[in-house]
Amino acid sequence: MSRLNVWTIAGILVLFAASGCRREDPCSDPCEAQDLSADDLSMSADMPDGSAPDPDLPQPDLGMPARTGWWPAMLNPRAHHAAAWDETRGRLVVFGGMDLSTKHGDTWEWDGSAWVRVAATGPSARIQAALAYDAGRKRVVLFGGRGDTDVLGDTWEWDGKTWQQRANEGPAPRTGSAMAYHAATGKVVLYGGESGAVRHGDTWEWDGARWTRREAGGPPGRSGHAMAYDAARQRTVVFGGQDEVGKELADTWKWDGSAWERPSMVGPSARTQAALAYDAGRKRVVLFGGGKEFRGNNDLWEWDGTIWQRRMPLGGTPWPLMGPAMAYDARRARVLMVGGMSDLAVHGDLWEWDGAASSWTRRIHAGPQTRTGHAMAYDPVGRRMILFGGREGAYLGETWAFHNGQWELVTTQGPEGRGGHAMVLDEARQRIVLMGGAGNGFFNDTWEWDGTAWKKVGLGPSYRTGHAMAWDSARRRVVLFGGEWGSMRRFGDTWEYDGLTWTQVADGGPAPRADHAMAYDAQRGRVVLYGGRVGLDTYADDTWEWDGKRWTQVGNGAPGKLFLHAMAYHPGRRQVILFGGSLNNMGASPDTWAWDGKMWTRIATTGPFPRFSSAMAYDPGRDAIVLFGGWGKNPLGDTWEFR
């Protein structure tokens, strides 16, 4: 299989459906979302050099366990999640949702500066749950949603530390309902939702102990509607959704605590999966997005209790979105919006709407778009992780930086767009070295990143892609092995780069191959190589070490016949860590392995969704290996760290 074939995967991605395996398209096994758990390996909390971790990094609190094993480095892109503003603690609480592959059951909080994952246990993974903050009882209340196999009818409360399951009786199980806290009555109000083909039109109230159904008539049954409490007029407001035959609605309704009323008004177009929040500072209900048939809008509307008015923001605006979530940040007088889906791309950006200034501001960039075949290395000058290139529809020439839990697009200037290149930090010269790859042709150019910009410094070994590089700190050399040119010619040569010239130092050792991985074992002073693709249908499971003079095979078997896996050395663990890859071209591996110089040990089977063609590198500032993207059931754009 040619590496280029992996990057030319095309077709329409359908949300909630897994892609099938094809001969030229290694895909993940048909598995569901995996629960996250910290593995039980111990490690020092200090940095390898004895210094403390970066104090600016967001840290887990609220009694969460130490971050060992895999951990999401930031809120992963998602849609159809739920959000509420915790007034007492001043946090935006986000639960659940789904990317293109996985339903989530995690809880995140935004404190105004960073995302922190605060709970890995609680309600099961789900989408389209209802969430509201009960200000009287200082609890976030969650109801229902759709899990992996069933529509749910459970009630949970979050007190800022733990989730607790509450009532077993109440509304029928449903998804796509909506909730808001009605301050005048001190009750959480739930309306609508669907169970199979049934669209509910019932109204319920939660008092903290039990659900009570209110026989009040009101809006026709619907799901996917938006709901918020208008405190100035003491009304719960509902807009849009889908009726019992799946038709999008454009009606507005108000609940005063005892009866529903439909004002006569013209407003936003018919839509479902919009987001609604109340701007308490300006006494307006704000609506964004939603749409029809998976195609969203990016128009913004405000309701003053009498009329809807469309606002025309100054400057940039979010993408047209389906299924984002919104809540009002009372401390900063901003409406917050996170996530959503546009044209089958899932986002994780955090936006703020300043109604007084009529402008949107993107506070957090979720990061690079989904991609495969990219590469990463740590930049000690900027103290950040650098990602370059990859492919998602086209070959990309962007340079991104990850620092303090946030991604930033640094530049689009530098190497031509490509994938399958190799990147590594030259620690002696404080430069990131990039060589080769494939884009609109094959490359053999060498580039260096000095912390600010890319500079082309010359040519390297012959044109190739799918090669691997590592920095030999003892010998102060970049070591390169293998790769391929086209689908038939694979290389088995070894090269070293001293910052000035490339020199071929061996033409023996591992069999010619591509899509293998290498990392430098600093504890033992060896470059470690594992696996790869040695033929069109032949994959390797051998382990080799380079001591600067010769290659020595030191094992085979575990972790299996892998290619397009990722490897990096973790100084704190004193181990080479391997994750993922395509296992014998039969599916993406979910396993994490560690090499101690004698044997491979599988140390985790949970963490990131199974994938291949991702990139990872060690970040000393975070004392963690950072992983981004790759291909699972679909292209991925999530960020993880391993400690």
Side-chain angles (χ1 to χ4, degrees), residues 58 61-62 75 81-95 107-116 118 129-142 157-161 178-190 206 208 226-239 254-255 257 274-289 300-305 309 311 313 318 324-340 349-364:
D61 57 3
L62 309 172
L75 180 77
H81 48 295
W85 177 257
D86 183 330
E87 297 174 9
T88 304
R89 300 173 55 248
R91 305 288 177 91
L92 176 67
V93 181
V94 172
F95 176 83
T107 307
W108 292 79
E109 290 187 346
W110 166 256
D111 64 4
S113 60
W115 285 109
V116 177
V118 292
L131 201 70
Y133 179 69
D134 182 335
R137 300 177 53 253
K138 298 180 175 55
R139 298 289 191 275
V140 173
V141 182
L142 179 146
E157 290 187 339
W158 169 254
D159 64 4
K161 295 182 179 179
M179 294 197 311
Y181 178 70
H182 196 292
T185 62
K187 308 287 180 59
V188 172
V189 180
L190 179 147
W206 169 253
M227 189 169 177
Y229 179 68
D230 181 341
R233 286 157 282 274
Q234 298 186 353
R235 299 291 189 272
T236 296
V237 180
V238 165
F239 178 83
K254 301 185 296 183
W255 168 256
L276 204 65
Y278 178 67
D279 183 335
R282 300 176 53 252
K283 298 179 174 59
R284 298 287 190 276
V285 173
V286 180
L287 180 146
F288 182 87
L300 186 140
W301 294 76
E302 292 183 339
W303 186 60
D304 63 4
Q309 180 183 7
R311 299 294 302 273
M326 289 203 315
Y328 181 68
D329 179 344
R331 298 189 177 188
R332 301 184 61 253
R334 300 288 190 276
V335 172
L336 305 179
M337 184 176 73
V338 60
D349 301 330
L350 176 68
W351 292 81
E352 288 183 347
W353 168 249
D354 182 344
S358 191
S359 65
W360 284 102
T361 300
R362 183 160 56 183
R363 286 295 307 279
I364 290 290

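Atoms considered below: every heavy atom in the structure, side chains included; atoms not considered: hydrogens, waters and symmetry mates.
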Parallel under 30°, tilted from 30 to 60°, perpendicular over 60°: which one fits the rings of Trp108 and Trp115?
perpendicular

Hits for side chain to side chain donor-acceptor pair (under 3.5 Å) against Thr107, two or more places apart or cross-chain, chain-then-number order -> Trp163

Set of salt bridge (charged side-chain N to carboxylate O under 4.0 Å, His left out) partners for Arg137, sequence neighbours left out
Asp134, Glu157

For Thr361, what residues pass the side chain to side chain donor-acceptor pair (under 3.5 Å) criterion, not counting sequence neighbours?
none

Judged by atom type as modelled, is there a donor-acceptor pair below 3.5 Å linking the side chain of Tyr278 to the main-chain atoms of Ala232?
yes

Between atom CG of Leu287 and atom CE of Met326, what is the distance when rounded to the nearest 0.5 Å?
6.5 Å

Would you check if the side chain of Tyr229 reaches a backbone N or O of Val189 as a donor-acceptor pair within less than 3.5 Å?
no

Residues Trp303, Asp230; criterion side chain to side chain contact (heavy atoms under 4.5 Å, CB included); working and verdict:
CA-CA 10 Å; Trp303 186 60; Asp230 181 341; 3.9 Å; yes

Residues in side-chain contact (heavy atoms from CB on, under 4.5 Å) contact with Ala327, at least two apart in sequence or another chain:
Trp85, Leu92

Any donor-acceptor pair under 3.5 Å linking the side chain of Arg233 with the backbone of Lys283?
yes

Whether Phe288 and Trp360 hold their rings parallel, tilted or perpendicular, with breakpoints at 30° and 60°
perpendicular

What is the minimum heavy-atom distance between Leu131 and Ala84, and which atoms define it?
CD2-N, 3.8 Å

Could I get the full list of salt bridge (charged side-chain N to carboxylate O under 4.0 Å, His left out) partners for Arg334, not counting sequence neighbours?
Asp354

Side chain to side chain contact (heavy atoms under 4.5 Å, CB included) between Arg311 and Val286, intermediate numbers included
CA-CA 10 Å; Arg311 299 294 302 273; Val286 180; over 6 Å; no

Derivation and outcome, side chain to side chain contact (heavy atoms under 4.5 Å, CB included), residues Val118 and Trp158
CA-CA 11 Å; Val118 292; Trp158 169 254; 3.5 Å; yes

Test of understanding: with side-chain contact (heavy atoms from CB on, under 4.5 Å), list the residues that count as partners of Arg362, not counting sequence neighbours.
Trp319, Asp349, Trp351, His365

